[in-house]
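In what follows, a single structure is set out as structure tokens and then discussed.
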Amino acid sequence: QVQLVESGGGLVQTGDSLRLSCAASDATFSAHNMGWFRQAPGKDRDFVAAISWGAGRTMYADSVKGRFTISRDNAKNTVYLQMNSLKPEDTAVYFCAADPIYYHNDLLARANDYAYWGQGTQVTVSS
């Protein structure tokens, strides 16, 4: 069972950038497709981005296309989310999640399809 720890959240202003990191506990990380989700107060947990185990495929929510970039470094057991041109509506707790490739090969946008989750990191964008 892979354990995930997010970091890099904070309070920023509209238009600023942040890079979130999610560190996995062991090298089985490379056998997982990874996703980022976010949850604002009182709302559902929404898909943000996903990346395949070998980083050859990525997928983004329409709301973040062109602003956010997901990447991973399997040598460091870490997935990243570079967030540029941040807007107040990006304010949420951001979670990383892992989907073992022996469960699903395709990149998925439903939270229920991901087996393992981090504890989340808060991102607040002030106007």
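Values below: all heavy atoms of this structure, side chains included; hydrogens, waters and symmetry mates excluded. Predicted model, so just to flag it, every value in this text is computed and none were measured.
Put simply, CG on D16 and OG on S126 are 8.0 Å apart, with the number rounded to the nearest 0.5 Å. Taken to the nearest 0.5 Å, the NE2 atom of H104 stands 9.5 Å off from the OH atom of Y114. Atom OG of S7 sits about 15.0 Å away from atom OH of Y94, to the nearest 0.5 Å. Here CD of Q3 is found 12.5 Å from CG of N77. Values are rounded to the nearest 0.5 Å. The line from NZ of K65 to OH of Y60 is 10.5 Å long, rounded to the nearest 0.5 Å.
Side-chain contact between L81 and V79 is absent, with no heavy atoms from C-beta onward closer than 4.5 Å. Between K87 and S63 there is no side-chain heavy-atom pair separated by less than 4.5 Å. Taking 4.5 Å as the limit, some side-chain heavy atom of I101 sits within range of a side-chain heavy atom of N33. For the pair Y80/C22, no side-chain contact is recorded, criterion being any heavy-atom separation below 4.5 Å from C-beta on. Counting heavy atoms from C-beta on, the side chains of L20 and V123 come closer than 4.5 Å. Counting heavy atoms from C-beta on, the side chains of E6 and W36 come closer than 4.5 Å. No side-chain heavy atom of F95 sits under 4.5 Å from any side-chain heavy atom of Q119.
Cluster annotation: I70 is not connected to L108 through the hydrophobic network of ILVMFWY side chains, with a link wherever side-chain heavy atoms come within less than 4.5 Å. There is a path of hydrophobic side-chain contacts, each under 4.5 Å, that joins V12 to M83.
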Q: Any chance you could lay out the side-chain contact (heavy atoms from CB on, under 4.5 Å) test for T14 and V125, step after step, and finish with the verdict?
A: CA-CA 6 Å; T14 298; V125 185; 4.1 Å; yes
Q: Apply side-chain contact (heavy atoms from CB on, under 4.5 Å) to the pair W117 and L4, showing each step before the final yes or no.
A: CA-CA 6 Å; W117 291 84; L4 305 171; 5.6 Å; no
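Judged by distance alone, the side chain of T121 and the main-chain N or O of G9 form a donor-acceptor pair under 3.5 Å.
Of all non-hydrogen atoms in R38 and A92, the two that sit nearest each other are CB-CB, 3.8 Å. Here the closest non-hydrogen pair linking A50 and L107 is O-CD1, 4.0 Å. Closest heavy-atom contact between Q122 and V93: OE1-CG2, 3.2 Å. Scanning all heavy atoms of the two residues, the minimum distance from V2 to A24 falls at CG2-CB, 3.6 Å. Across all their heavy atoms, A115 and Y103 have their closest contact at CB-CE1, 4.2 Å. The two residues T78 and S21 have their closest heavy-atom pair at CG2-CB, 4.2 Å.
Side-chain atoms of E89 and T91 form no donor-acceptor pair, as typed in the model, at a separation below 3.5 Å. Side-chain N/O atoms of H32 and D99 include no donor and acceptor closer than 3.5 Å.
Applying the 6.0 Å contact sphere to CD of Q13 captures no more than 12 heavy atoms from other residues, nucleotides or ligands. Applying the 6.0 Å contact sphere to CG of N112 captures no more than 12 heavy atoms from other residues, nucleotides or ligands.
Identified under the salt bridge (Lys or Arg N to Asp or Glu O under 4.0 Å) test for residues 67-76, with sequence neighbours left out: R67-D90. Contacts classified as side-chain hydrogen bond (donor to acceptor under 3.5 Å, both in side chains) and involving residues 41-59 (residues at least two apart or in different chains) are given here: Q39-R45.
Looking at residues two or more places apart in sequence or on another chain, you find a side-chain contact (heavy atoms from CB on, under 4.5 Å) between Q82 and S17, R19, T69, N84.
Remark: aromatic rings of F37 and F47 are close, center separation under 6.0 Å.
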